[in-house]
Amino acid sequence: MALQASKVQVGDTYTQKLTDDLSRTQIVQYAGASGDYNPLHSDEIFTTKVAKYPTVFAHGMLTMGMTGRMVTDFVGDGRLTAYGVRFTRQVWPGDALTATAKVDAVREEDGQSLVDLSVTTVNQDGDVVVMGKATAKIDP
Amino acid sequence: MAAKKFPVEAGHIMMFARAVGDPNPIYHDAEAAADTEPGKTIAPPTFYQASAQFDPDYFLRPKIGEPWFGSGKEPTGVPPTRTGGDGGTGLHAEQRFEYFRHVSPGETLTLKTRPGKSWERQGKRGGNLKFSENITEYYDESGELVVRATGVGVRTEKVVESD
C-alpha cells in the first residue's frame, strides 16, 4: 500500500528488524545471487590470513538490499525514485540489524507527491552501518 | 559492472530477494504480483547490481581455468584482482540508485558505464583514502533510461580496523 501525502508527517518514522543473527550462509546466498564472490565475504582463510580481517564480513550491498526491504515495505511496491546509502561500518556474521526510515519532507514536483526519507540501519550496539536517503512517489 | 546486456529473469529476482531477506511476494509469486500496484513482478531496489552476473570479465567472480585469489586448502598467493593490488584494500563506500521506472522479468537492459568524480581525503584509521565514482546507466529495449546507479569505491593504504 502506498503512502498518502495527507497521512504522512515530517518526523514520522518506520522501523523494521532486518535480522537477529546475520548468518554466514546468508552472506554466501548474497554472493551467489549478486555475483560478487569477493573472498572477503565467504573465505575465512583468505580473509583472516591474507587480508588480515578478524573474519568474513557482509557485502555492503547486502546490508543496502536488506535495508531496501524496510524502505519498500514503508513506501509500497514500485514507488521508489531514488535510494542511496553510505557504508559507514562493516557488518559481521552474527550482527543484529534494525533499519529505520524517517520522513524528512513531503513535497510535490510536477504534480507528483513525493516523500523524502532518511534511512539508517544500526547494529546490536546501536552503531550505524549504513545511512542514506530515499525518495518515493506517494498518493496525494 | 561492465555487462553490456542484462537479461532480467524471474528466477534471478527470486534468488536475489531471498538473499536480501525480502519475503515480499511481488518478487517470487507472479500471481500475487498481478494483484499489486505494479501489476507484475518487479526487481528489488538493489537488484541492478546483480548485472555483474552478465559481465563475462567481472573481476570478483572466479573464471574457469584461471588462477583465483581466494583460498583452497591454504591461501593461493595469487594477487587479488584490483582489490588490494597495491597492498591496500578496496571497499565499497557508497551506492546510489535513481529509478525512472522499475523493471520486470523478460526485459533485457543495456548498460553504459562511465567514470564519475574522484577525490582524496585523509582517513582517521585507514591512512589516505582515494574515492572514485563509477556510473552505470541501464536502458530498456526502447532506449529509455530506466535506472542510473552510482557506486563510490574507496581504496585505503592499510587495512581498516574494525573498531
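Below, read A as the first sequence line, B as the second, and so on, with proteins coming before strands; counting in each chain starts at 1.
For the atom pair OG1 (A/Thr81) and OH (B/Tyr99), the distance works out to 9.5 Å, reported to the nearest 0.5 Å. Distance check: A/Asp36 CG to B/Arg61 CZ gives 11.0 Å after rounding to the nearest 0.5 Å. The distance from the CG atom of B/Leu91 to the CD atom of A/Gln90 is 6.0 Å, given to the nearest 0.5 Å. To the nearest 0.5 angstrom, A/Arg69 atom CZ is 13.5 Å from B/Thr46 atom OG1.
In this structure, chain B has a heavy atom under 4.5 Å from the side chain of A/Asp43, while its backbone stays farther away. For A/Thr72, the part sitting under 4.5 Å from any heavy atom of chain B is the side chain, from C-beta outward, and nothing else. Proximity to chain A (any heavy atom under 4.5 Å) is shown, for B/Pro75, by both the backbone and the side chain. With a threshold of 4.5 angstrom between heavy atoms, B/His92 approaches chain A through its backbone and through its side chain.
Considering every non-hydrogen atom in both A/Phe46 and B/Ser71, the closest pair reads N-OG, 3.8 Å. Closest of all the heavy-atom pairs between A/Ala33 and B/Ala19 is CB-CB, 4.0 Å. Residues B/Glu37 and A/Ala2 come closest through the heavy atom pair OE1-CB, 4.4 Å. Contact between A/Gly68 and B/Pro45 at its shortest, heavy atoms only, is O-CG, 4.4 Å. Among all heavy-atom pairs drawn from B/Ile42 and A/Asp77, the shortest one is CD1-C, 4.3 Å.
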Quiz prompt | Residue pair B/Met15, A/Tyr30: steps toward the side-chain contact (heavy atoms from CB on, under 4.5 Å) verdict | solution = CA-CA 9 Å; B/Met15 289 188 285; A/Tyr30 187 78; over 6 Å; no
Self-check item: Residue pair A/Val50, B/Phe69: steps toward the side-chain contact (heavy atoms from CB on, under 4.5 Å) verdict
Solution: CA-CA 10 Å; A/Val50 180; B/Phe69 66 102; over 6 Å; no
Exercise. Using the side-chain contact (heavy atoms from CB on, under 4.5 Å) rule, take A/Tyr37 and B/Tyr58 through it: C-alpha gap first, then chi angles, then the decisive distance, then the call.
Key: CA-CA 10 Å; A/Tyr37 296 97; B/Tyr58 185 56; 6.0 Å; no
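For B/Glu31, the CD atom sits in a loose shell: 12 or fewer heavy atoms of surrounding residues, nucleotides or ligands are nearer than 6.0 Å. Atom CD of A/Gln9 has 12 or fewer heavy atoms from other residues, nucleotides or ligands within 6.0 Å. The number of heavy atoms from other shown groups lying within 6.0 Å of NZ (B/Lys63) is above 12.
Of all the listed residues (A/Gly32, A/Ser34, A/Gly78), the one sharing the greatest number of non-hydrogen pairs under 4.5 Å with chain B is A/Ser34. For the set B/Glu98, B/Gln95, B/Arg18, the entry with the most heavy-atom pairs within less than 4.5 Å of chain A is B/Gln95. Contact count against chain B (heavy-atom pairs under 4.5 Å) is highest for A/Met66 among A/Met66, A/Glu44, A/Lys133. Per-residue heavy-atom pair counts under 4.5 Å with chain A were compared for B/Val152, B/Asn24, B/Thr36, B/Thr150, and the maximum is reached by B/Asn24. Note on B/His102, B/Arg101, B/Arg96: by heavy-atom pairs under 4.5 Å with chain A, the leading option is B/His102. The most heavy-atom pairs under 4.5 Å with chain B, out of A/Gly132, A/Ser42, A/Ala134, A/Gly35, come from A/Gly35.
Hydrophobic clustering (ILVMFWY, side-chain heavy atoms < 4.5 Å, transitive): A/Phe87 and A/Val56 are in distinct clusters. Both B/Phe54 and B/Phe16 are members of a single hydrophobic cluster when ILVMFWY side chains are connected at heavy-atom separations under 4.5 Å. Both A/Tyr14 and A/Leu3 belong to a single network of hydrophobic side chains, linked directly or stepwise wherever heavy atoms of I, L, V, M, F, W or Y lie under 4.5 Å apart. A/Val130 and A/Val122 are not part of a single hydrophobic cluster, where members link through side-chain heavy atoms under 4.5 Å apart. Placement of A/Met131 and A/Val71 in two distinct hydrophobic clusters is found when ILVMFWY residues are connected by side-chain heavy-atom separations under 4.5 Å, directly or transitively.
Counting only heavy atoms from C-beta outward, the side chains of A/Pro39 and B/Trp68 approach each other to under 4.5 Å.
Residues forming a side-chain contact (heavy atoms from CB on, under 4.5 Å) with B/Pro67 (at least two apart in sequence, or on another chain): B/Val78.
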